Amino acid sequence: MCFSPPVILKGVDMDDRLYMTRALDLSLSGLGRTFPNPIVGAVLLSASGEIIGEGFHAGEEHAEVRALMDCSARHNDPRGATMYVTLEPCNHFGKTPPCTQALKNAGISRVVFALKDPNPLAQGGAMDLLEDGVEVSSACMENEAKESNRSWLHKIETGRPFLIWKIASTLDGYSAALDGTSKWITSKESRASVQALRAESDAILVGTGTALADNPSLTPQGDDRRPIRIVVGTRSIPGSSNLHDSEAPTIFLKTRDLNAVVDALIDLEVNQVLIESGSELGTSLLKANLVDEIHWYQAPTILGAGKKTIGDLNVATISQRVDFDIMKVERSGPDTLTVLRPKIKEKAEVKS
């Protein structure tokens with residue numbers, strides 16, 4: 001991924017990193033709310049070193065504007081303050097006016113941002129601020145911002161959304177027993193973690209097999225976010241299914257063609273898709289180099305036989321194996337959650 005060189009007028013220090021960490025934390029509250037746009041967090045610091053406003057992008061006003069609104073609601077004066085924001089302030093008219101103009105109108109004296117905007121439509125904010133006499137520092141916690149905004153950045157780079165496959169299995173890789181029973185292999189803590197992952201996603205993808213066998217609702221419990229439900233396959237889903245309710249929008253893709261599925265996801269402009277399918281659809285996506293991350297919940301139990309989590313990958317010899325980078329390993333109640341990213345030399349090309 002290529003980014004323009006950082007624009008630096010004034011360097012960053014440990015205090016800058018402290019407030020940018022807060023802005024990054026705020027940005028995560030926007031997950032599942034902002035597509036087709038990125039998640040962004042902002043912190044406003046007074047000249048005397050007090051936080052006087054905070055905000056994050058949640059689908060309407062941008063993070064900088066929300067921080068200024070919060071500052072006003074607290075009856076604080078933003079003049080001479082420093083704005084910490086996780087993405088370069090935009091410099092174009094979209095659904096909202098340019099954030100650069102809002103910052104200049106508010107009398108902000110310094111802007112520190114983490115990540116230069118790779119979207120050509122929104123670039124140029126840093127130079128616009130500099131030309132108007134605002135001090136600008138960039139690349140403060142840039143790698144952390146790339147990680148938190150990886151789904152949107154992936155879409156900008158490849159043209160398609162970031163796909164996460166959620167897997168729940170035993171230690172020996174089974175998702176169900178020989179009789180088909182699978183509730184519950186993993187713990188309540190793991191199931192709660194999956195609910196949070198659902199809420200952070202813009203769409204949830206399942207196959208007709210999962211839809212018919214489990215009758216899932218695919219709506220995050222205890223959260224107002226409602227990701228788009230996408231059902232892939234040629235079999236019909238009964239009208240009594242939970243997927244036909246009004247709790248969330250549902251798209252039925254009557255196809256097994258992965259190119260058609262990817263095209264549909266591109267048309268939706270979503271950033272992050274959670275795959276909650278069984279082994280057939282998940283394995284097909286993995287074989288096609290379309291799985292960008294795996295969240296694997298493993299219960300400390302063994303079945304010895306049953307339904308395998310991952311199907312045949314056509315690996316005939318050890319040199320054909322599919323390797324992963326381990327991004328994170330943590331406890332999830334009694335279970336283990338491992339976050340993996342495939343070591344793929346070339347991402348799947350998107351057809352023009």
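Just so it is clear, the structure is predicted and the values come from calculations on it, not from any experiment.
- In plain terms, the two heavy atoms of S148 and L28 that are nearest each other are CB-CD2, 3.9 Å.
- Residues N76 and S46 form no side-chain contact, since every pair of their non-hydrogen atoms from C-beta on lies 4.5 Å or further apart.
- The only member of T234, V261, D263 that meets side chain to side chain contact (heavy atoms under 4.5 Å, CB included) when paired with T255 is V261.
- A heavy-atom distance below 4.5 Å is found between the side chains of L68 and I108.
- Side-chain contact between L340 and W296 is present, with at least one heavy-atom pair separated by less than 4.5 Å.
- Considering all non-hydrogen atoms of both residues, T219 and E247 come closest at CG2-CB, 4.0 Å.
- Under a 3.5 Å cut-off, the side chain of D312 and the backbone N or O of N314 do form a donor-acceptor pair.
- Side-chain N or O atoms of T100 include none that pairs as donor or acceptor with a backbone N or O of P89 at under 3.5 Å.
- Atom NE2 of H244 is separated from atom CZ of F252 by 4.0 Å, given to the nearest 0.5 angstrom.
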(request) Give the C-alpha distance, both sets of side-chain angles, the deciding distance and a yes or no for salt bridge (charged side-chain N to carboxylate O under 4.0 Å, His left out) between R110 and D16. (result) CA-CA 11 Å; R110 182 177 180 232; D16 288 334; 3.0 Å; yes
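- Contact annotation: the side chain of I52 never approaches that of R74 to less than 4.5 Å [non-hydrogen atoms, C-beta and beyond].
- When the options Q272, R150, R160 are evaluated for a side-chain hydrogen bond (donor to acceptor under 3.5 Å, both in side chains) with D292, the one that passes is R160.
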(request) Show your working on salt bridge (charged side-chain N to carboxylate O under 4.0 Å, His left out) between K104 and D128 and close with a plain yes or no. (result) CA-CA 10 Å; K104 290 186 287 187; D128 180 68; 2.9 Å; yes
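- Applying the 6.0 Å contact sphere to NZ of K166 captures more than 12 heavy atoms from other residues, nucleotides or ligands.
- With contacts defined as side-chain heavy-atom distances shorter than 4.5 Å, the pair L281/T210 does not qualify.
- Listed for the S109 side chain is a donor-acceptor partner under 3.5 Å among the backbone atoms of G80.
- Between the CG atom in L24 and the CE atom in M141 there is a gap of 5.5 Å [rounded to 0.5 Å].
- Of the N and O atoms on the side chains of T250 and R229, at least one donor lies less than 3.5 Å from an acceptor on the other residue.
- Distance alone, capped at 3.5 Å, is enough to place a donor-acceptor pair between the D77 side chain and the R79 backbone.
- Y297 and S193 form a side-chain donor-acceptor contact under 3.5 Å, judged by distance and modelled atom types alone.
- Taking both residues in full, the closest heavy atoms of L218 and I204 are given as O-CD1, 3.2 Å, listed atom of the first, atom of the second, then distance.
- Between M20 and T86 the shortest side-chain heavy-atom distance falls below 4.5 Å.
- Within the model, atoms CD1 of I156 and CG of D117 stand 7.5 Å from one another, a figure rounded to the nearest 0.5 Å.
- Ring pair H154/F162 is perpendicular by interplanar angle, where above 60° counts as perpendicular and below 30° as parallel.
- Of all the heavy atoms in A63 and A42, the pair that sits closest is O-CB, 3.6 Å.
- At distances below 3.5 Å, not a single donor-acceptor pair connects side-chain atoms of D132 with backbone N or O atoms of V134.
- Side chain of H57 to backbone of E61: a donor-acceptor contact under 3.5 angstrom is found.
- When all heavy atoms are compared, the tightest approach of A168 to T186 is CB-CG2, 3.9 Å.
- A 6.0 Å sphere centred on CD of E144 holds more than 12 heavy atoms belonging to other residues, nucleotides or ligands.
- A donor-acceptor contact shorter than 3.5 Å is absent between the side chain of D70 and the backbone of G55.
- Looking only at side-chain heavy atoms (C-beta outward), L212 and I237 come within less than 4.5 Å of each other.
- Cation-pi check for K343 over F324 is not met; the charged atom does not lie both under 6.0 angstrom from the ring centroid and within 45 degrees of its normal.
- The shortest side-chain heavy-atom distance between H295 and W165 does not fall under the 4.5 Å cut-off.
- Side-chain atoms of S190 and D335 include a donor-acceptor pair closer than 3.5 Å.
- Listed here is the closest heavy atom pair of A288 and L258: CB-CD1, 3.9 Å.
- In terms of modelled atom types and a separation under 3.5 Å, the side chain of K155 and the main chain of P36 share a donor-acceptor contact.
- When atom types are taken as modelled, the side chain of E200 and the backbone of L31 share no donor-acceptor pair closer than 3.5 angstrom.
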